[in-house]
Amino acid sequence: MTQDDRIEVPDSGSGVPVSGPTESYDVHAVQEKWLPVWDAIDPFRARDDSSAPRRYILDMFPYPSGDLHMGHAEAFAIGDVVARYAFARGYDVLHPIGWDSFGLPAENAAIKRDAHPADWTYANIETQAASFRRYAISFDWSRRLHTSDPEYYRWTQWLFLRLYERGLAYRKASAVNWCPVDQTVLANEQVVAGACERCGATVTKKNLTQWYFRITEYAQRLLDDMVALEGHWPDRVLTMQRNWVGRSTGAYVDFVVEPTGAGGVELDSRTVSVFTTRPDTLFGATFFVVAADSPLAAELCAPASRDALQSYREQVARLSDIDRMSTEREKTGVFLGRWVRNPVNDEAIPVWAADYVLSEYGTGAIMAVPAHDQRDMDFARTFSLPARVVVDTGGPDPEQTGNATTGDGVHVNSGLLDGTDKATGIARITEWLVENGHGRAATTYRLRDWLVSRQRFWGAPIPIVHCPGCGEVPVPDEDLPVRLPDLRGTDLAPRGVSPLAAASEWVSVACPRCGRNAQRDTDTMDTFVDSSWYYLRYCSPHDDQQPFDPAAVRRWMPVAQYVGGVEHAILHLLYSRFITKVLHDLGRIDFTEPFAALLNQGQVINEGRSMSKSLGNGVDLGRQIEIYGVDAVRLTMVFAGPPEDDIDWADVSPAGSLKFLTRAWRVATEVTSEPGTDPAGGDPGLRTATHRTIRDVTLAVESARFNVAVARLMELVTAARRAIDTGNGAHDPAVREAAEAVAVMLSLVAPYTAEEMWSRLGRPAPVARSGWPTLDPSLLAEETVTAVVQVAGRVRDRLQVPATISEQELRGRALASPAIIRALDGREVGRVVVRAPRVVNVVPA
RNA sequence: GCCCCCGUAGCCCAACGCAGAGGCAGACCCCUUAAAAGGGUCCCAGUGUGGGUUCGAGUCCCACCGGGGGCACCA
């Protein structure tokens, strides 16, 4: 801070209290006083110069659904503690804000009001921005971005094209969610309990050609790179990501298809592979199942079974995902009139089609081993198919109980595997399969490619032109952005295709390659694409030549601390990690993980339940702020408990928070010593308390135990209060030292109160840039400490001893203690464990 | 069904080998004509249950009970 940076502030006292002790703390006046001052100082702009170490603190950017709510208040209060601490420690901090402003709610609002989605979107953004300002989050407002701005989505389109060039963006036909009433494709999020969220109709599947990102190509790296995140990301997020990627190892096994079906010879000989994690149970395969909806089912189906398969498929298509996935459900299926030969024993086993086999996973076909897989057992029981035990686990016989055994054991009825255990069996059979050309070891993933196209208007148009001559043609970079046409109101109503398709002038375009009449792709991108790279854009948000300046990205990335809700544990974080790796492979960035550390804050609930309109238990953030003020709401959020825990608003007390803030403020107003007074002569007890608090708060903040940090500050305020009332009084320089330390440390949580305290203490704004209190370790040292003396682990005496006492000396004093002699009650002293200077444990013989 | 996390005063939450830091609620006192605000004092648990390891366990191990979360026809 230089003299020039100081600006005049409205008079409300400086240093010496003008009014008497009856002056009360007016939180709202203090808010109104400092807001314009901070606007003028602009203390949180990222300097981005080379002198100071940098820290990039990022909050997950909000969707502009309306005004900020309690959930935002918690998340951003916590993120702000992290950011303001970094500022206080002198880092060059990047703490930006923006809006994830594409998405369906804007479209629905536009249809309802016969307006443009942008109207609703940008009005909400302004509302939220104003609320953020009042909520005093330490943003660098100069870097604000909105994903719905053409200046932003231009680069989202650029990103799409880079993936397209690498073969990582492609189109394929697949079954997607379809609402038969609204005649539209639905995103997964729009399907609630198997029904359309708009009209309630049962959602079915429809085959459509859609755009995908080939995230599956990165499955292994997404797993491997998590090692670097261990300890810095919550374990449960890492677990969820691992589950989602779902790696499993096993083998592909080739079965030979019998040309002779249930009606004669009508197929060429061929093989069909299955994936299995238990190739060692191959001798126990008693039938074979293909996914009913796969092309393979049709191909393998004997002519005599075609009608049966057809009607079964129709039956399956009518089921919602919810019903189909239910594990309670009876197994269904149909025999295809076909047999395949098991390569290990040349046994012909029947081929069935069923919906418990998924066409998208593995090869869409399985070998069924009822004795050692419960799903196969259930199917076998339903259709009276045989089971054969090939692993003796020592448990009850699956053929009798109907319970498959999956544990380790000894192989039986398994030829070359007999006598081996599970691991050996897997290794041996895999080797055999390879040697005999019947299969190979394999790894598969549950992760699917990312479906990115949406038949929606309010998103980034996919920058592809479809030309009758050239096929798919990417829009040249220099023609970006492909801007959205001006559609509004009922133009946006769903009608089976993207609303963009109806904008015929917009759709019609000259092919960038051959110049002939061609058509734009009419889909828009999933909004998760927008948010998969925004953290890079903040590094150079106004660059109109490139999505991000590599030098700026090198300076700031990766994000040092990312803060957001656990609801994004999988999708957003996985997509961002994927895009980061792609950009790394493209040579655009030199790191492979975007977020070095992640903090998930909990939810704000009320009376044990999440807040909702239907429950009528919502708490309005604006109202809370009206009653208690911004600082008290922020303090309540931070003090309620560990940041990752949920906060039940019924369990916490914003009134109590306000009371504490008032106490802190009053201490500052009463200080009478001059700024800069040397605290050396002050009350040693209070000085020690101050410096211990500095130590503890520092440690607590750095380990994200913000609630503990606040508790320590409360103690120090109490100590300062006591020093004023019953110690040397308000003129004691130690009181000033304590008050200043409180002001600075409290500024992470309660910036208005802290600024007002700082001002009353005669210091220039902003407190946020005044540095962190300096710890004087010499003041921490206690001359005497309390040593606990235990007899058989029970505390029997406490001794005041020098902190530097030797083990010998402490042992001697402990054994001489009358209380200990009494506690020993005549017993002989056995062991004496001494941990100087704190604990002695005397163990009777 | 599988995996993970968590059970500390009436409630929310702390705790290096000393179970209570802090807050809420409660009781009382001071200030006040009174109330509110403010200042202060006090009350309250042996850590879900049962074992084990250890000189010593809220902290480590096992089982069970209770709560929360994740995954779940992924072969």
Side-chain angles (χ1 to χ4, degrees), chain A residues 21-25 234-244 246-248 250 274-279 281 289 291 324-329 331 354-358 360-369 372-376 378-379 406 444-448 566 569-570 635-636 639-642 644-660 662-663 666 696 700 705 707-718 721-722 724-726 785-798 830-835 838-844:
Chain A
T22 53
E23 184 189 1
S24 62
Y25 180 45
D235 284 343
R236 68 172 181 153
V237 173
L238 295 176
T239 302
M240 286 163 75
Q241 293 223 348
R242 285 198 186 93
N243 286 341
W244 189 263
R247 175 189 154 106
S248 46
V274 299
F275 175 73
T276 175
T277 55
R278 293 295 304 276
T281 62
V289 189
R324 202 185 61 74
M325 305 280 274
S326 165
T327 48
E328 310 293 299
R329 199 176 133 243
K331 290 279 185 287
D355 65 353
Y356 84 94
V357 173
L358 309 176
E360 321 93 77
Y361 186 76
T363 63
I366 62 155
M367 63 176 200
V369 185
H372 306 296
D373 184 297
Q374 192 58 47
R375 297 155 301 179
D376 297 342
D378 294 343
F379 192 85
T406 55
T444 61
Y445 303 88
R446 281 171 38 194
L447 184 67
R448 304 282 192 276
V566 75
I570 300 175
L635 179 71
T636 304
F639 181 55
E644 58 275 11
D645 285 9
D646 286 351
I647 298 172
D648 193 328
W649 203 248
D651 288 339
V652 296
S653 171
S657 298
L658 179 55
K659 191 169 151 186
F660 162 67
T662 304
R663 282 158 55 80
R666 177 159 294 109
D696 292 350
R705 287 148 56 236
N707 53 325
V708 178
V710 172
R712 292 290 167 272
L713 290 175
M714 289 174 167
E715 288 180 90
L716 183 54
V717 168
T718 300
R721 175 81 262 152
R722 191 161 296 149
I724 292 173
D725 292 345
T726 62
V785 298
T786 304
V788 172
V789 187
Q790 306 171 332
V791 174
R794 311 276 306 183
V795 179
R796 296 301 187 191
D797 197 11
R798 292 161 202 268
R831 277 181 73 180
V832 181
V833 183
V834 184
R835 294 282 178 274
R838 297 282 185 186
V839 180
V840 179
N841 190 8
V842 180
V843 186

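Chain identifiers are assigned alphabetically (A, B, ...) following the order of the sequence lines, protein sequences preceding nucleic acid strands; residue numbering begins at 1 within each chain. Excluded from the calculations below are hydrogen atoms, water molecules and symmetry mates; all remaining heavy atoms, backbone and side chain alike, are included.
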Taking atom P in both C3(B) and C44(B), compute the distance separating them and give it to the nearest angstrom.
43 Å
With a 3.5 angstrom cut-off on both distances, give the Watson-Crick or G-U wobble partner of C13(B), or none if there isn't one.
G20(B)
Nearest-Å distance for atom pair CG/C1', residues Leu658(A) and C24(B)
15 Å
According to a strict under-4.0 Å criterion, is Arg446(A) in side-chain N/O contact with OP1 or OP2 of A72(B)?
yes
From Asp651(A) atom CG to Asp646(A) atom CG, the distance as rounded to the nearest 0.5 Å
11.0 Å
Hits for ring pair (Phe, Tyr, Trp, His ring centres under 6.0 Å) against Tyr25(A), two or more places apart or cross-chain, chain-then-number order -> Trp665(A)
Arg663(A) atom CZ is separated from A37(B) atom P, nearest whole Å, by 14 Å
To the nearest 0.5 Å, what is the distance between CG (Asp696(A)) and CZ (Arg705(A))?
8.5 Å
For Ser657(A), answer base if it contacts any base atom (sugar-phosphate contacts may also be present), sugar-phosphate if it contacts only those atoms, and nothing otherwise; contact means non-hydrogen atoms under 4.0 Å.
nothing
With P as the reference atom in both, quote the distance from C61(B) to C6(B) in angstrom, rounded to an integer.
10 Å
What distance, rounded to whole Å, do you find between the two C1' atoms, one in C42(B) and one in U33(B)?
29 Å
May I have the distance from Met240(A) (atom CE) to C3(B) (atom C1'), rounded to whole angstrom?
13 Å
So, Thr718(A) versus Arg663(A): side-chain donor-acceptor pair below 3.5 Å or not?
yes
Angle class for the Phe275(A)/Tyr361(A) ring planes (parallel below 30°, perpendicular above 60°, tilted otherwise)?
perpendicular
Say we look at A21(B) and C65(B): how far apart would their P atoms be, to the nearest angstrom?
36 Å
What is the distance, rounded to the nearest whole Å, between atom CG of Leu713(A) and atom P of A21(B)?
18 Å
Generate the contact string for nucleotides 7-19 of chain B. Rules: B means base contact, S means sugar-phosphate contact only, - means no protein heavy atom under 4.0 Å.
----SSSSSBBBS
Whole Å only: how far is the OH atom of Tyr356(A) from the P atom of A72(B)?
19 Å
Atom CD of Glu644(A) to atom P of G68(B): distance rounded to whole Å?
19 Å
Who does C71(B) pair with, Watson-Crick or G-U, both distances under 3.5 Å?
G1(B)
Separation of the C1' atoms in C13(B) and G17(B), to the nearest angstrom:
23 Å
Would you name the heavy atoms of Asn841(A) and Gly793(A) that are closest together and state the gap between them?
OD1-N, 3.1 Å
In whole angstrom, give the distance that lies between atom CG of Asp235(A) and atom P of C71(B).
16 Å
CZ/Arg236(A) to CG/Leu238(A) distance, rounded to the nearest 0.5 angstrom?
11.5 Å
Nearest-neighbour nucleotide for the Val843(A) side chain, A21(B), C55(B), C71(B) considered:
C55(B)
Approximate separation, where rounding is to 0.5 Å, of Ile570(A) CD1 and Asn243(A) CG
7.5 Å
What nucleic acid atoms does Thr239(A) come within less than 4.0 Å of, heavy atoms only: base, sugar-phosphate, or nothing?
nothing
First of Ser653(A) and Asn243(A) reached from the 5' end of RNA chain B, by closest nucleotide
Ser653(A)
Under 3.5 Å for both donor-acceptor distances, Watson-Crick or wobble: does G56(B) have a partner, and if so which one?
none
Inter-nucleotide C1' distance (C73(B), G68(B)), Å rounded:
26 Å
Select base, sugar-phosphate, or nothing to describe what Arg722(A) touches, counting heavy atoms under 4.0 Å on all strands.
sugar-phosphate
Where does G46(B) land, syn or anti, given syn is within 90° of 0?
syn
Among residues at least two apart in sequence or on other chains, which ones pass side chain to side chain contact (heavy atoms under 4.5 Å, CB included) with Thr281(A)?
Arg278(A), Met367(A), Val369(A), His372(A), Val390(A), Val391(A)
Taking only the P atom of each, what is the distance from G46(B) to G10(B) in whole angstrom?
9 Å
To the nearest Å, how far apart are Phe660(A) CZ and G39(B) P?
11 Å
Here's a test of your reading of the structure: between Asp376(A) and Asp725(A), which maps to the more 5' nucleotide of RNA chain B?
Asp725(A)
C1'-based separation of C31(B) from A19(B) [nearest Å]:
37 Å
Paired nucleotide for G50(B) [Watson-Crick or G-U wobble; both distances under 3.5 Å]
C62(B)
